[in-house]
Amino acid sequence: MDNGELMAVGGNSPAEAMQQIHNMMSALIERIMSNVIAEAARLDLVDVAFDTEQDAFAFQVNQKGRDFVEKNKGFFTDAVS
């Protein structure tokens, strides 16, 4: 419900609205990271394994990935700071 302050994110208070925004941003970041890892694996920039003890996937940047970062590190500068 939009009361002019909380908009469409939901919540009956500013705190609840902020929690909803936090939940949405967390889900968005998780999806972006998943897509980045999937693309890196597709391009053979990371090695992927399944850790049965942890019941989770494990990822490690391989030599091809390190070479890719080294070759393209000029794109990652301190321009943000």
Side-chain angles (χ1 to χ4, degrees):
M1 183 172 189
D2 180 4
N3 66 4
E5 294 180 14
L6 302 182
M7 305 305 283
V9 297
N12 294 318
S13 70
E16 288 179 11
M18 287 304 295
Q19 184 60 48
Q20 289 293 87
I21 291 169
H22 181 272
N23 293 347
M24 287 190 316
M25 294 303 295
S26 292
L28 178 62
I29 291 168
E30 184 176 321
R31 181 62 185 257
I32 291 169
M33 290 302 299
S34 176
N35 289 347
V36 167
I37 292 170
E39 183 66 6
R42 188 185 74 76
L43 295 172
D44 190 33
L45 301 174
V46 297
D47 294 327
V48 181
F50 188 77
D51 184 339
T52 55
E53 290 180 19
Q54 298 291 323
D55 193 30
F57 283 95
F59 305 93
Q60 182 172 346
V61 178
N62 59 28
Q63 187 60 49
K64 184 177 176 182
R66 287 189 290 278
D67 293 343
F68 179 83
V69 170
E70 183 64 29
K71 178 182 175 185
N72 295 286
K73 68 181 178 182
F75 293 108
F76 306 102
T77 64
D78 293 334
V80 178
S81 56

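Because the structure is predicted, anything quoted here is derived from the model rather than measured.
Scored by the ring pair (Phe, Tyr, Trp, His ring centres under 6.0 Å) test, Phe75 finds no partners at all (sequence neighbours excluded). Residues passing the salt bridge (charged side-chain N to carboxylate O under 4.0 Å, His left out) test with Lys71, sequence neighbours excluded: none. Residues that satisfy the ring pair (Phe, Tyr, Trp, His ring centres under 6.0 Å) test with Phe68, not counting sequence neighbours, are absent from this structure.
Distance check: Leu28 CG to Ile21 CD1 gives 13.0 Å after rounding to the nearest 0.5 Å. Between the CG atom in Asp67 and the CG atom in Asn72 there is a gap of 10.5 Å [rounded to 0.5 Å]. Note: Glu30 CD to Met33 CE = 10.5 Å, rounded to the nearest 0.5 Å.
Although no hydrogens or angles enter the test, the distance criterion places no donor-acceptor pair under 3.5 Å between the side chain of Thr52 and the main chain of Asp55. Checked by atom type and distance alone, the side chain of Asp44 never pairs as donor or acceptor with a backbone atom of Lys64 at under 3.5 Å. Using modelled atom types, one side-chain atom of Ser26 and one backbone atom of His22 make a donor-acceptor pair closer than 3.5 Å.
Linking ILVMFWY side-chain heavy atoms closer than 4.5 Å, directly or via other members, places Ile29 and Met24 in two distinct hydrophobic clusters. Note on Ile37: it does not cluster hydrophobically with Ile32, by side-chain heavy-atom contacts below 4.5 Å among ILVMFWY residues. Hydrophobic clustering (ILVMFWY, side-chain heavy atoms < 4.5 Å, transitive): Val69 and Val61 are in distinct clusters.
Counted by atom type alone, Gln19 and Asn23 present one or more donor-acceptor pairs between their side chains at under 3.5 Å.
In terms of heavy atoms, Val48 sits closest to Ala41 at CG2-CB, 3.8 Å.
More than 12 non-hydrogen atoms from other residues, nucleotides or ligands lie less than 6.0 angstrom from CD of Gln63. Heavy-atom neighbours of Phe59 CZ from other residues, nucleotides or ligands within 6.0 Å: above the threshold of 12.
Here the options are Val36, Leu43, Asn35, the test is side chain to side chain contact (heavy atoms under 4.5 Å, CB included), and the partner is Glu39; only Leu43 passes.
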